[in-house]
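Encoded as structure tokens, the structure appears first; notes follow it.
Chain identifiers are assigned alphabetically (A, B, ...) following the order of the sequence lines, protein sequences preceding nucleic acid strands; residue numbering begins at 1 within each chain.
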Amino acid sequence: MAELPLAAHAAPVGGTPPIPRVPAAFYVRDPREVAVDLLNKVLVHNDPVHGPISGRIVEAEAYLGVGLDPGSHAFRGPGKRNATMFGPPGRLYVYFTYGMHWCSNVVCNPAGAGGAVLMRALAPLEGMEAMWSRRPKARRERDLCSGPGKLAQALGLTGALDGTDLSAGPVFLLDDGTPPPSRPGNSVRIGISIGKGEESPWRWWVPGDPNVSGPPPRPR
DNA sequence: GGTGTGATCGTA
DNA sequence: ACGATCACACCA
């Protein structure tokens with residue numbers, strides 16, 4: 001797929017209206033609403049070395065606030081790793097897992113509640129060369145961003161960016177006018193074990209997009 | 001296409 | 001001990 005011309009810097013180009021960032025109020029809602037509305041928004045990392053790297057969000061999962069959702073990092077309240085979840089909404093929560101992967105979330109709810117949306121897959125748009133170089137094991141385009149660890153690696157999102165304000169930082173979200181699907185795919189979340197909210201159907205995706213990791217997982 | 005398993009380490 | 005995972009081996 002050819003790269004689309006995308007005003008990732010939000011710098012007005014002559015004759016072309018800038019693509020607006022998602023407004024701050026967008027995030028001050030239940031993560032389940034935010035997750036659906038994040039579908040088809042564009043995640044951008046204005047990388048200091050590679051320049052803009054971006055993709056359209058095609059899969060997301062909601063994780064609720066403190067005490068509500070045993071599958072959520074916020075369930076037991078703030079700690080060292082998840083402190084960002086309890087700060088202001090509209091920030092990037094990046095955590096390290098399985099001893100080797102980074103995963104990226106958007107903080108939701110009013111400050112202090114906890115709760116976030118995990119971005120699970122992107123359709124690559126911009127900076128594909130940087131994505132390929134950061135993910136040398138990828139064979140096909142859909143190997144670049146088809147999972148939370150993969151998209152974080154492709155975009156260069158690490159713990160150094162945890163807490164980034166999406167309305168000001170080098171990582172942000174754009175609304176280019178593409179609405180969420182009227183009928184998004186929906187299933188239980190991936191990787192949640194039995195007794196930790198595995199029955200909660202809080203995963204959503206853009207139907208038919210090749211970057212989405214397969215249909216509903218079996219509980220484990 | 002599918003399933004099963006090892007890697008690797010911060011947090012609890 | 002256990003992960004909000006990935007890659008690779010192997011079978012079909």
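Nucleic acid contact class of A:Arg135 (heavy atoms, under 4.0 Å, all strands): sugar-phosphate only. Among the protein residues, A:Gly147 comes within range of the sugar-phosphate backbone only, with heavy atoms under 4.0 Å from sugar or phosphate atoms but none that close to a base. Looking at heavy-atom distances under 4.0 Å, A:Met85 makes contact with a base.
Ring geometry, A:Tyr95 versus A:His73: the interplanar angle exceeds 60°, so the pair is classed perpendicular (tilted spans 30 to 60°).
For the pair A:Arg189 and A:Tyr63, the cation sits on the ring face: its NZ or CZ lies under 6.0 Å from the ring centre, inside 45° of the axis.
Following rounding to the nearest Å, A:His73 (NE2) and B:dG10 (C1') show an atom-to-atom distance of 11 Å. The CG atom of A:Asp143 sits 13 Å away from the C1' atom of C:dC8 (whole-angstrom rounding). Between the C1' atom of C:dG3 and the OH atom of A:Tyr95 lies a distance of 9 Å, rounded to the nearest Å. Distance, A:Asn105 CG to C:dT5 P: 11 Å, rounded to whole Å. Rounded to whole Å, the distance from CG on A:Asp162 to P on B:dG10 is 16 Å. Distance, A:Glu59 CD to C:dT5 P: 10 Å, rounded to whole Å. The distance from atom CG of A:Asn82 to atom C1' of C:dA4 is 13 Å, rounded to the nearest whole Å. The distance between atom CZ of A:Arg139 and atom C1' of C:dC6, rounded to the nearest whole Å, is 15 Å.
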* Intra- and interstrand pairs of DNA chain B - dot-bracket, Watson-Crick/G-U under 3.5 Å, | marks other strand -> |||||||.|||.

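Taking 4.0 angstrom as the limit, A:Arg203 places none of its side-chain polar atoms (N or O) nearer than this to OP1 or OP2 of C:dA4.
Between A:Arg29 and A:Asp37 there is a salt bridge, with a side-chain nitrogen of the basic residue lying less than 4.0 Å from a carboxylate oxygen of the acidic one. Between A:Arg32 and A:Asp69 no salt bridge is recorded (no basic side-chain N to carboxylate O distance below 4.0 Å).
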If you restrict it to nitrogen or oxygen atoms, what contacts under 3.5 Å exist between nucleotides 6-9 of chain B and the protein, and what is each distance?
| residue | atom | partner | partner atom | Å |
| --- | --- | --- | --- | --- |
| B:dT8 | O2 | A:Tyr98 | O | 2.4 |

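Side-chain proximity of A:Ser72 to B:dA12, C:dA4, C:dT5: nearest is C:dA4.
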